[in-house]
Amino acid sequence: VLRAHRGTTWNVAQYGMALSLFFLVIGAVLGIALGLQLAEVEIVPPENAEQLGGAHPAAMVVGYIILAGTALIEWLLRRDDTPSLSASKAGVVQMSLIFLAGVFAMLGVLLDNLAMLQANVPLEVIGLVILVWRLRTYLAPSQWRGPVPGIMARTAVLGLILGIALFAYVVSLFVSG
């Protein structure tokens with residue numbers, strides 16, 4: 001995928017999808033390690049197995065699903081009008097913040113570091129706010145008619161808002177004890 005785009009101009013959706021591939025690979029490796037650990041092959045010491053079990057979903061949900069979801073929303077709503085990276089600094093910042101949120105969530109769970117786990121929430125929220133702000137004309141009530149893929153992408157934005165709010169609440173409960 002990355003080699004096919006060498007020498008071409010990337011757009012924001014492609015950038016987000018490329019970043020999400022990092023978490024797809026890391027999440028897969030963590031999932032395989034977790035499966036082997038559950039099959040009683042000692043990958044990590046038993047006292048650290050819980051962190052391994054938490055890092056896999058953190059990488060896959062925060063890192064992959066949310067990042068790939070925002071890239072797909074961008075692509076489905078804008079289609080041929082998706083801005084290039086040089087034309088949309090806000091789009092680059094949005095995708096980069098969500099990527100960093102995934103890194104912080106995964107490492108926070110893996111290293112049992114509550115500060116890193118907490119730091120991912122504002123990054124996700126800010127990235128989501130930038131997404132909504134950038135796509136505000138596509139999310140207007142008058143735009144909710146038309147082709148089904150666009151309606152589904154708009155509905156996915158609502159799902160992202162609800163999902164990230166719920167995730168922020170769960171992290172706050174986890175951190176507070």
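Residue numbers run from 1 in the order of the sequence given.
Listed by chain and residue number, nothing satisfies the ring pair (Phe, Tyr, Trp, His ring centres under 6.0 Å) test with Tyr169 (two or more places apart in sequence, or in another chain). Not a single ring pair (Phe, Tyr, Trp, His ring centres under 6.0 Å) links Phe104 to another residue, sequence neighbours left out.
Both cation-pi conditions hold for Arg79 and Trp75: the charged atom is under 6.0 angstrom from the six-membered ring centre and inside a 45 degree cone around its axis.
Atom CZ of Arg136 has more than 12 heavy atoms from other residues, nucleotides or ligands within 6.0 Å.
In this structure, the side chain of Ser20 engages the main chain of Met17 through a donor-acceptor pair within 3.5 Å. No donor-acceptor pair closer than 3.5 Å links the side chain of Ser88 to the backbone N or O of Ser84. Looking at Gln51, its side chain never comes within 3.5 Å of a backbone N or O of Asp112 through a donor-acceptor pair. Judged by distance alone, the side chain of Trp144 and the main-chain N or O of Ile151 form no donor-acceptor pair under 3.5 Å. Judged purely by atom type and a 3.5 angstrom limit, Arg154 uses its side chain to pair as donor or acceptor with the backbone of Tyr138. A donor-acceptor pair under 3.5 Å links the side-chain atoms of His56 to the main chain of Gly27, judged by distance alone.
Residues Leu158 and Leu160 are not in side-chain contact: their nearest non-hydrogen atoms beyond the backbone lie 4.5 Å or more apart.
Just one of Leu128, Ile130, Ile126, Leu135 meets the side-chain contact (heavy atoms from CB on, under 4.5 Å) condition when paired with Gln94; it is Ile130. The only option from Val25, Leu19, Leu24 that meets the side-chain contact (heavy atoms from CB on, under 4.5 Å) definition with Leu21 turns out to be Leu24.
The minimum heavy-atom distance linking Leu76 with Pro149 is given by the pair CD2-CB, 4.0 Å.
Phe22 has its ring centre no less than 6.0 Å from the ring centre of Tyr64.
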